[in-house]
Peer 1: 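Quick one: this structure, given as structure tokens, is what I'll be asking you about.
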Number of protein chains: 2
Amino acid sequence: MNDNEVIVYKLRQIKNMLSGYLVRVLPQYGITPIMMYTIEFLRRNAEAKAVDVANEFGLTRGAVTQLLDKLEEQGLVIRKPHPTSRRSLQIHITNKGNELVDAILNAYNQEIDKLIKPYSSDDLALLRQLLDKLPL
Amino acid sequence: MNDNEVIVYKLRQIKNMLSGYLVRVLPQYGITPIMMYTIEFLRRNAEAKAVDVANEFGLTRGAVTQLLDKLEEQGLVIRKPHPTSRRSLQIHITNKGNELVDAILNAYNQEIDKLIKPYSSDDLALLRQLLDKLPL
DNA sequence: CACAAATTGCTTAATTACTAAACAGTATAT
DNA sequence: ATATACTGTTTAGTAATTAAGCAATTTGTG
């Protein structure tokens with residue numbers, strides 16, 4: 001295999017490892033991947049409406065209604081009136097929601113840290129430089 | 001953010017990008033991620049039984065029965081009698097199954113290739129060396 | 001301005017992927 | 001030989017999702 005093929009293969013392995021970890025661990029926190037991703041998305045986009053969540057994840061608006069129902073039942077988010085449009089929602093993340101996602105991300109990042117444990121600090125700096133070039 | 005944090009963040013972005021691509025593209029091929037992964041697993045483990053598929057993906061045996069039903073309906077695999085144990089199955093991937101997965105992997109790898117397009121061949125060699133150190 | 005068209009969120013019925021539990025046939029171990 | 005374990009299947013139920021339609025609101029246009 002040439003460099004290119006090996007790199008593609010390794011990136012897939014990284015993806016499978018990370019996906020697998022999330023799927024195994026999230027049930028312990030009582031939420032699903034889409035619930036986790038939604039809260040993360042709302043953190044990065046505080047002004048996002050329900051329809052934005054639908055577009056971000058390729059869900060229907062109906063699915064988002066029910067997703068928000070569950071998140072709200074668990075006290076992770078609160079639906080609020082939108083400040084400028086009465087047909088839209090503004091979705092507020094509760095302290096509980098933020099703390100839950102922080103805890104999950106913390107555990108998740110520790111898992112990823114295990115991956116890069118073999119690297120020296122020189123390697124890490126080099127890897128960072130290389131990853132910074134990715135068009136993400 | 002220090003090197004470590006940036007790397008963890010970038011690895012997550014890579015994972016999200018790859019997962020998202022698969023989820024968007026697989027429906028066009030008429031199969032689901034688990035169907036795709038199952039055929040890939042069976043390619044790497046020609047002697048695998050249904051119960052091995054269940055263990056590999058954390059499914060119940062009942063779920064695998066139905067998964068194989070679908071794969072067989074679409075002509076992607078064939079259940080065969082196991083050569084040594086009459087209570088087990090041997091699962092044969094058809095030409096159609098192999099060709100389908102080849103086509104998907106080809107498209108998928110091209111997508112990943114886009115990611116690493118910015119790299120010079122020196123960068124690629126370096127990146128490969130670094131990725132080779134990952135404990136995967 | 002008036003009113004048609006588009007947007008937004010919600011509801012409901014159906015679909016899909018899955019589990020849990022029970023079953024039948026087969027293999028293993030004592 | 002007989003109990004125990006393994007393998008795959010079936011069935012009923014659950015959870016996440018879509019599609020389609022509704023109501024309220026907003027936007028665009030004559």
Side-chain angles (χ1 to χ4, degrees), chain A residues 19-20 22-39 41-42 45-74 76-92, chain B residues 19-20 22-42 45-74 76-93:
Chain A
S19 296
L22 255 204
V23 167
R24 282 193 311 279
V25 163
L26 279 187
Q28 300 167 18
Y29 294 91
I31 69 174
T32 60
I34 190 67
M35 292 168 77
M36 162 87 180
Y37 297 148
T38 298
I39 300 179
F41 173 72
L42 292 171
N45 304 277
E47 76 299 341
K49 301 167 292 183
V51 69
D52 299 321
V53 174
N55 292 334
E56 173 73 12
F57 299 113
L59 297 174
T60 60
R61 300 192 309 277
V64 172
T65 295
Q66 298 171 60
L67 182 54
L68 293 177
D69 285 346
K70 278 190 302 179
L71 289 172
E72 211 165 21
E73 268 170 35
Q74 298 195 17
L76 304 176
V77 308
I78 298 174
R79 285 173 169 97
K80 296 194 164 181
H82 194 278
T84 63
S85 170
R86 281 195 296 173
R87 71 183 164 186
S88 300
L89 283 180
Q90 203 177 45
I91 308 160
H92 175 251
Chain B
S19 296
L22 255 203
V23 168
R24 283 194 309 277
V25 163
L26 279 187
Q28 300 168 16
Y29 293 91
I31 69 174
T32 60
I34 190 67
M35 290 167 78
M36 161 87 179
Y37 297 147
T38 298
I39 300 179
E40 277 198 276
F41 172 72
L42 292 171
N45 304 277
E47 76 299 338
K49 300 168 292 184
V51 68
D52 299 321
V53 174
N55 292 334
E56 174 73 12
F57 299 113
L59 298 173
T60 61
R61 300 192 308 276
V64 172
T65 294
Q66 298 170 57
L67 182 53
L68 293 177
D69 286 346
K70 278 190 303 179
L71 290 172
E72 211 165 21
E73 267 170 36
Q74 299 196 16
L76 305 176
V77 307
I78 299 175
R79 285 172 169 99
K80 296 197 165 181
H82 195 278
T84 62
S85 169
R86 281 194 295 173
R87 71 184 165 186
S88 300
L89 283 180
Q90 203 177 45
I91 309 158
H92 176 250
I93 307 173

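Per chain, numbering begins at 1; letters A, B, ... match sequence-line order. Computed from a predicted structure; not experimentally measured.
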Peer 1: Whole Å only: how far is the OH atom of B:Tyr37 from the P atom of C:dA17?
Peer 2: 15 Å
Peer 1: Does some side-chain heavy atom of B:Ile34 sit less than 4.5 Å from a side-chain heavy atom of B:Leu59?
Peer 2: yes
Peer 1: Using whole Å, report how far CG of A:Asp69 lies from P of C:dG9.
Peer 2: 13 Å
Peer 1: Which nucleotide of DNA chain D is the first, and which the last, in the 5' to 3' direction, to come under 4.0 Å of a heavy atom belonging to chain A?
Peer 2: D:dA16 to D:dT26
Peer 1: After noting the C-alpha distance and the side-chain angles of A:Phe57 and B:Val23, does the key distance pass the side chain to side chain contact (heavy atoms under 4.5 Å, CB included) rule?
Peer 2: CA-CA 10 Å; A:Phe57 299 113; B:Val23 168; over 6 Å; no
Peer 1: Which atom pair, heavy atoms only, marks the closest approach of B:Ser88 to B:Lys49?
Peer 2: OG-CD, 3.4 Å
Peer 1: How is A:Ser88 classified with respect to the nucleic acid when contacts are heavy atoms under 4.0 Å: base, sugar-phosphate, or nothing?
Peer 2: sugar-phosphate
Peer 1: Do A:Asn45 and A:Asp52 have side chains that approach each other closer than 4.5 Å (heavy atoms only, starting at C-beta)?
Peer 2: no
Peer 1: Check the distance between C:dT26's P and B:Leu89's CG and give it to me in whole angstrom.
Peer 2: 13 Å
Peer 1: Could you go over nucleotides 21-24 of chain C and give all protein N or O partners under 3.5 Å, atom names and distances?
Peer 2:
none

Peer 1: Return no unless some side-chain N or O of B:Lys70 is found under 4.0 Å from OP1 or OP2 of C:dA17.
Peer 2: yes
Peer 1: Between P on C:dT16 and CG on B:Leu26, what's the gap in Å once rounded to a whole number?
Peer 2: 17 Å
Peer 1: Please report the distance, rounded to the nearest Å, between NE2 in A:His82 and C1' in C:dT7.
Peer 2: 13 Å
Peer 1: Send over the distance from A:Leu59 CG to C:dG9 P, rounded to a whole Å.
Peer 2: 13 Å
Peer 1: Write down the atom of B:Met35, the atom of B:Gly30, and the distance for their closest heavy-atom approach.
Peer 2: CE-O, 4.5 Å
Peer 1: Tell me, with the steps shown, if A:Leu68 and A:Leu89 meet side chain to side chain contact (heavy atoms under 4.5 Å, CB included).
Peer 2: CA-CA 11 Å; A:Leu68 293 177; A:Leu89 283 180; 4.2 Å; yes
Peer 1: On DNA chain C, check which nucleotide each of B:Ser85 and A:Val64 is closest to and give me the residue with the more 5' one.
Peer 2: A:Val64
Peer 1: Can you list every side-chain hydrogen bond (donor to acceptor under 3.5 Å, both in side chains) pair that touches residues 56-73 of chain B, not counting sequence neighbours?
Peer 2: B:Asp69-B:Arg79, B:Glu72-B:Arg79
Peer 1: Of A:Thr84 and A:Gly58, whose nearest nucleotide on DNA chain D comes first from the 5' end?
Peer 2: A:Gly58
Peer 1: Whether B:Arg86 contacts C:dA27 is assessed here as follows: a side-chain N or O lying under 4.0 Å from the phosphate OP1 or OP2. Is that the case?
Peer 2: yes
Peer 1: Can you find a donor-acceptor N/O pair under 3.5 angstrom joining the side chain of A:Arg87 to the base of C:dT7?
Peer 2: yes
Peer 1: Considering only heavy atoms from C-beta outward, does the side chain of B:Ile31 approach that of B:Leu76 to under 4.5 Å?
Peer 2: yes
Peer 1: It should be established whether A:Arg79 places a side-chain nitrogen or oxygen under 4.0 Å from OP1 or OP2 of nucleotide C:dC10.
Peer 2: yes
Peer 1: Under 4.0 Å between a side-chain N or O of B:Thr60 and OP1 or OP2 of C:dT19?
Peer 2: yes
Peer 1: Give the C-alpha distance, both sets of side-chain angles, the deciding distance and a yes or no for side chain to side chain contact (heavy atoms under 4.5 Å, CB included) between B:Val77 and B:Thr38.
Peer 2: CA-CA 10 Å; B:Val77 307; B:Thr38 298; over 6 Å; no
Peer 1: Looking only at heavy atoms, which two atoms of B:Ile39 and B:Ile93 are closest? And how far apart?
Peer 2: O-CD1, 3.6 Å
Peer 1: Would you mind classifying the nucleic acid contact of A:Ala63 as base, sugar-phosphate or nothing, using non-hydrogen atoms under 4.0 angstrom?
Peer 2: base
Peer 1: Measure CD/B:Gln66 against P/C:dT15 and give the value in whole Å, please.
Peer 2: 16 Å
Peer 1: Quick one: B:Leu67 CG to C:dC18 C1', roughly how many Å, whole number?
Peer 2: 11 Å
